[in-house]
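The structure appears below as structure tokens.
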Amino acid sequence: MARIIKKFGGTSVGDVDRIQNVARLIKEDHDKGNQIVVVVSARSGVTNDLINRAKAINRNPADREMDMLLVAGEQETIALTAMALQALGVDAVSLTGAMAGIKTDPYHTRARIVSMDCRTLIEHLDSNRVVIVAGFQGAGEQGQITTLGRGGSDLSAIALAKGVDADLCQIYTDVEGVYTADPRIVPKARKLPEISYEEMLELASLGTKVMQARSVEFSNKFNVPFEVRSSFKNKPGTIVKEEVSSMEDVVVRGVALDKNQAKVMVANIPDKPGTAARVFRSLSEANVVVDMIVQNIGRNGVANLTFTVPRDDTHRASQAVEEVLQELGGGKVTLVGDIAKLSVVGVGMRTHSGVASQLFSALSDAEVNIQLISTSEIKISVVINENESDHAIRAVHSAFGLDVE
Ligand code: ASP
Ligand code: MG
């Protein structure tokens, strides 16, 4: 007997047929004598619909009311999934996040899990009941309903795996696993049998939207291995787990493309201590997350600063910089929207050299110009033109020997 967490995303429970399909899949594993906890998302599109309705009524809805509204999506699917199992003769019970013991801090729409009390849930399991938990939600200390950020059902699943000490955590989704690159852009991408938490985290935060980045951070912190697999094809997926030394044999595990960035160039600002601090303080006060930063060497007392921000925040970013420029009495902001960030990721970079030069040669062979470069221990990123980016990622994927034969 094993204790298994199974998480199904929005497309996997998108309509009645799919919910019945999910119920059959659960029953199969339950019939083998396993204890099963199911975590479900809202049907795909439902959360976005609810957000749009809220915004149509109030341009700036209160976070508390947003949480109250959005949890409705998951509440629908837990009840329907429990009913579908009951229709197959399986004893099943649905629980909200709060009932499942997910306790969070009080920050609405982006709450963090502070503790788990899974005693009630485990009692249900010990009574041979399948437990269906609403993903994405928890409760604060006063019982207030909170949500865990977009895509937060993944986090619910990983946290529950830790909370009930599960033997296996399976994230069922509409892709077959984690690939060396997005197969929609790189047809020769390969499915990876395994990947380390850290690599997955880089890929998750780099526009390869297989999973919510926060949930991967959590799994890394608490060492909760999990599998990403398809809910439509019964095949092994990708195991995400602690790094083992053999993983370093592969230098580049995957290539990611983030087309959701914009470049902000600030020209002619005073080349003296404190300028960058003022610019970035203003950006952080405007809640803009800055990614890559490059400053050139100052000349004649002035310098240029370039950085990237999420594309949705471009307007806020330029306003924040304009404010500082007014105080400084000079300088100019230019925005460039059509960029993409291409990154190669792999724990093998810690022990292998020459990855950067190989990447730059591949891009130069493909005649793609590099605008910005940044590196970390297991990742190298470059900013390039968006309209060359699909071509660029295919070239890089191939250059690092990742293409499927
Ligand atoms: N329904 C929520 C969302 O769309 C949570 C999730 O699907 O994981 O963000
Ligand atoms: Mg999701």
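When a ligand or atom number is given, it counts from 1 through the structure's own listing order.
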TODO: Nearest 0.5 Å please: distance from the CD1 atom of Ile239 over to the CZ atom of Arg229.
DONE: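 Separation between the atoms: 8.5 Å.
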
TODO: Would you tell me whether Thr146 and Thr104 have side-chain atoms, one donor and one acceptor, within less than 3.5 Å of each other?
DONE: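 Looking only at side-chain atoms, Thr104 and Thr146 do form a donor-acceptor pair, the distance falling under 3.5 Å.
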
Open item on the list: When you compare the side chains of Gln170 and Lys7, does any donor N or O come within less than 3.5 Å of an acceptor on the partner?
Closed with: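 No.
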
Would you check whether [X] reaches within less than 4.0 Å of ligand 1, judged by its heavy atoms?
X: Gly73; answer: no
X: Gln212; answer: no
X: Gly10; answer: no

If I apply the N/O under 3.5 Å rule, does [X] come out as touching ligand 1?
X: Gly149; answer: no
X: Arg150; answer: yes
X: Asp154; answer: no

Open item on the list: Taking salt bridge (Lys or Arg N to Asp or Glu O under 4.0 Å) as the definition, give me every residue that meets it alongside Lys259, ordered by chain and number, with sequence neighbours left out.
Closed with: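 For Lys259, the residues satisfying salt bridge (Lys or Arg N to Asp or Glu O under 4.0 Å) (neighbours in sequence not counted) are Asp390.
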
Open item on the list: Test your reading of the model: is there a side-chain donor-acceptor pair from His352 to the backbone of Gly348, 3.5 Å cut-off?
Closed with: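 Pair found, side chain donor or acceptor close to backbone of Gly348.
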
Open item on the list: Between Phe232 and Tyr172 (judged by ring centroids, cut-off 6.0 Å), do the two rings come close enough to count as a pair?
Closed with: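 They do not qualify: ring centres at least 6.0 Å apart.
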
Open item on the list: Could you tell me, atom by atom, which parts of ligand 1 come under 4.0 Å of a heavy atom of Ser41?
Closed with: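 Taking each heavy atom of Ser41 in turn, ligand 1 has 6 (C), 7 (O), 8 (O) under 4.0 Å.
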
